[in-house]
Each structure stands twice: as structure tokens, then as C-alpha cells.
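Note sheet for the following structure.
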Amino acid sequence: MRAGLLIAGIILLIAGIWVTVGNGSYKQTDTVAQLGPAKIEATHTKAVPQWLGIAGIVIGGLLIIGGIASKNR
């Protein structure tokens, strides 16, 4: 269990830092117009919110601390 907490914490910490720095994004496709079988679609690249990266850093840090604390018991 200790190793699982440490690995999950490290992954969340790294992902949180990556998102906070501004590298996290995703694509969203919207249908602009549709006439019968013909569609006009637009694809937008949106950034992942920075608060989500900060939450990942905090939760990852807590998991790492929890993994280290369980090691000492």
C-alpha cells in the first residue's frame, strides 16, 4: 500500500505541475451548423483550468506524505 501511495502521489504531483505551467490542454468539437446530412464543425483547443493543476499538486503531496508516514509505522 505504501508503494501505491507514493507512486500515485508522484504521478499527481508531476501532472499538477505540468498543468499549472500551462501545458495541459484538450480539444473540443462543436457542431456549428447542420443542414440535412451536412455538418459544419469547429474544433477548439482549450486549456485545463489552473486550479485543477494546483489541486493535483496538493493531493499528490498529501499522498506522498501519507506514503512516507505509513513507512515509519
Side-chain angles (χ1 to χ4, degrees):
M1 172 129 172
R2 177 181 75 214
L5 285 175
L6 289 173
I7 292 171
I10 290 170
I11 290 171
L12 277 174
L13 187 69
I14 291 171
I17 291 170
W18 185 69
V19 168
T20 304
V21 171
N23 295 327
S25 64
Y26 63 96
K27 293 186 181 205
Q28 182 177 5
T29 302
D30 298 326
T31 301
V32 179
Q34 182 173 358
L35 183 61
K39 287 186 191 178
I40 299 175
E41 294 181 340
T43 302
H44 305 283
T45 302
K46 297 192 174 197
V48 175
Q50 188 175 16
W51 65 266
L52 198 59
I54 294 170
I57 292 171
V58 171
I59 294 170
L62 290 173
L63 288 175
I64 291 171
I65 291 170
I68 292 171
S70 67
K71 180 180 181 180
N72 294 331
R73 289 185 177 180

Inset, instruction - Any chance you could measure L62, atom CG, to L5, atom CG, to the nearest 0.5 Å? - result: 11.0 Å
Inset, instruction - Measure the CG-CG distance between L63 and L12 for me, rounded to the nearest 0.5 Å. - result: 6.0 Å
Inset, instruction - Enter the distance from I68:CD1 to L6:CG here, rounded to the nearest 0.5 Å. - result: 6.0 Å
Inset, instruction - Examine I57 and I14 and state if one hydrophobic cluster contains both, with Ile, Leu, Val, Met, Phe, Trp and Tyr joined whenever side-chain heavy atoms are less than 4.5 Å apart. - result: yes
Inset, instruction - Please round to the nearest 0.5 Å and tell me the distance separating atom CD of E41 and atom OG1 of T29. - result: 6.0 Å
Inset, instruction - Check the hydrophobic clustering (I, L, V, M, F, W, Y; side-chain heavy atoms under 4.5 Å; chains of links allowed) and say if Y26 and V19 are grouped together. - result: yes
Legend entry - Pairwise distance CG(L13) to CD1(I10) - rounded to 0.5 angstrom: 8.0 Å
